[in-house]
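Comments concern the structure below.
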Amino acid sequence: MQLSPRQLEIVRLVKLHAPITGEQIAEMFQLSRPTIRSDLALLVMLGHLDAKPKVGYFPGQVSAEQERTAAVITSMKVKDVLSLPVNIRESATVNDAVVTLFMENVGSLIVTDESGALVGVISRKDLLKVTLGNPAASAMPVSLVMTRHPNVVTASPDDTVLDAGRKMIHHQVDGLPVVVRHPDDPERWEVVGRITKTTMTKLLVGGSGVVDV
């Protein structure tokens, strides 16, 4: 259930000032105690607040769990949650990419050369654009369709999960290749994994121990 702005502010005030009485909370809002009674009752029922008679309100179990989850996520590195990359060679065709995309059930494919170095990324949107109304598209090499490196947004294993999430939001992408310097050529990047919006969602919902799909 989504909380109202006033209910969210009540939860915030209780975290800051607990134990705090209903009268004190109402005074902070410049409202009467009966006006916020239903908000307080709902927040207690949902577990966001706990109440002790003659003492006041405290953060509830839900708030405590949310804080623990936030603390865990804040400290996590990309290397803690990355999943195996789903790669395709730059010599593969658009048809190969479509088949791989659906077989692996992912939103994008990481395109690499024979040494495993990153050369690009191809997404469902890229494939849809090139195949619609183009019967010859299936035989095209993915190198003609992909987003080429260095225009690909990447993450490092030592980036925080939050930083990776911010990159995805800012660049409006569904996932990031996780890369390190290529052992044979420091000017290139070796793909060691991927992190996606699915990873982020599972972290928020279920905490650690994420397995991306």
Side-chain angles (χ1 to χ4, degrees), residues 1-85 104-108 123-124 153-178 192-213:
M1 178 178 178
Q2 186 173 0
L3 302 182
S4 70
R6 186 165 72 188
Q7 290 163 354
L8 290 170
E9 181 63 10
I10 289 173
V11 172
R12 188 187 72 83
L13 290 173
V14 171
K15 287 179 181 178
L16 288 174
H17 302 290
I20 183 173
T21 66
E23 287 75 13
Q24 290 171 322
I25 296 171
E27 185 178 345
M28 290 179 176
F29 281 96
Q30 297 183 336
L31 298 171
S32 66
R33 173 70 170 79
T35 303
I36 65 168
R37 182 177 290 123
S38 61
D39 291 321
L40 293 170
L42 179 66
L43 291 171
V44 170
M45 182 182 71
L46 294 176
H48 291 280
L49 301 181
D50 282 334
K52 292 184 179 180
K54 299 182 181 180
V55 178
Y57 291 93
F58 299 81
Q61 184 178 359
V62 170
S63 295
E65 289 176 354
Q66 288 174 340
E67 288 180 358
R68 284 194 295 270
T69 299
V72 169
I73 293 175
T74 300
S75 65
M76 275 187 170
K77 301 286 189 180
V78 168
K79 62 187 176 185
D80 299 323
V81 299
L82 62 79
S83 58
L84 291 174
E104 298 290 343
N105 192 26
V106 293
S108 61
S123 68
R124 291 187 182 185
V153 184
T154 63
S156 161
D158 291 321
D159 286 347
T160 66
V161 169
L162 288 180
D163 284 340
R166 291 189 185 104
K167 285 183 181 180
M168 282 187 265
I169 292 170
H170 179 72
H171 294 281
Q172 298 181 358
V173 293
D174 292 332
L176 305 173
V178 182
V192 295
R194 65 188 172 106
I195 183 169
T196 69
K197 286 183 178 178
T198 301
T199 311
M200 306 299 295
T201 302
K202 288 184 177 181
L203 274 174
L204 291 172
V205 173
S208 59
V210 173
V211 178
D212 192 18
V213 296

Non-hydrogen side-chain atoms of Leu3 and Leu43 separated by less than 4.5 Å: yes

Pairing residues for Glu23 by the side chain to side chain donor-acceptor pair (under 3.5 Å) criterion, not counting sequence neighbours: none

We want to know whether Thr198 and Thr201 form a side-chain donor-acceptor pair, criterion being a heavy-atom distance below 3.5 angstrom. no

Atom of Leu82, atom of Lys79 and distance for their closest heavy-atom approach: CD2-CA, 3.7 Å

Listing, residues 33-40 side-chain donor-acceptor contacts under 3.5 Å, not counting sequence neighbours, or none:
unit_1: Arg33; atom_1: NH2; unit_2: Tyr57; atom_2: OH; d: 3.4
unit_1: Thr35; atom_1: OG1; unit_2: Ser32; atom_2: OG; d: 2.6
unit_1: Asp39; atom_1: OD1; unit_2: Gln7; atom_2: NE2; d: 3.0
unit_1: Asp39; atom_1: OD2; unit_2: Arg6; atom_2: NE; d: 2.8
unit_1: Asp39; atom_1: OD2; unit_2: Arg6; atom_2: NH2; d: 2.8

Residue set satisfying side-chain contact (heavy atoms from CB on, under 4.5 Å) with Met28, at least two apart, ordered chain then number -> Leu13, His17, Ile20

Residues forming a salt bridge (Lys or Arg N to Asp or Glu O under 4.0 Å) with Glu9, sequence neighbours excluded: Arg12

Under 3.5 Å: donor-acceptor pair, side chain of Arg194, backbone of Val178: no

Residues at least two apart in sequence or cross-chain that pass salt bridge (Lys or Arg N to Asp or Glu O under 4.0 Å) with Arg124, listed by chain then number, are none

Nearest heavy-atom approach of Ala164 to Leu176 is O-CD1, 3.6 Å

Taking side-chain contact (heavy atoms from CB on, under 4.5 Å) as the definition, give me every residue that meets it alongside Ala18, ordered by chain and number, with sequence neighbours left out. Val14, Phe58, Pro59

Taking salt bridge (Lys or Arg N to Asp or Glu O under 4.0 Å) as the definition, give me every residue that meets it alongside Lys197, ordered by chain and number, with sequence neighbours left out. Asp174

Give every residue pair that meets the salt bridge (Lys or Arg N to Asp or Glu O under 4.0 Å) criterion with at least one member in residues 44-62, sequence neighbours excluded. none

Taking side chain as C-beta onward, heavy atoms only, is Val106 less than 4.5 Å from Thr196? no

Show me the donor-acceptor pairs within less than 3.5 Å that the side chains of residues 165-172 make with the rest of the protein, sequence neighbours left out.
unit_1: Arg166; atom_1: NH1; unit_2: Asp163; atom_2: OD1; d: 2.9
unit_1: Lys167; atom_1: NZ; unit_2: Thr154; atom_2: O; d: 2.9
unit_1: Lys167; atom_1: NZ; unit_2: Asp159; atom_2: OD2; d: 3.3

Ser156: which residues meet the side chain to side chain donor-acceptor pair (under 3.5 Å) condition with it, sequence neighbours left out? none

Within a strict 4.5 Å, meaning less than it, do heavy atoms of the Val161 and Asp80 side chains meet? no

Under the criterion side chain to side chain contact (heavy atoms under 4.5 Å, CB included), I'd like the reasoning laid out for Thr160 against Lys77: C-alpha separation, chi angles, the key distance, then a yes or no. CA-CA 4 Å; Thr160 66; Lys77 301 286 189 180; 4.2 Å; yes

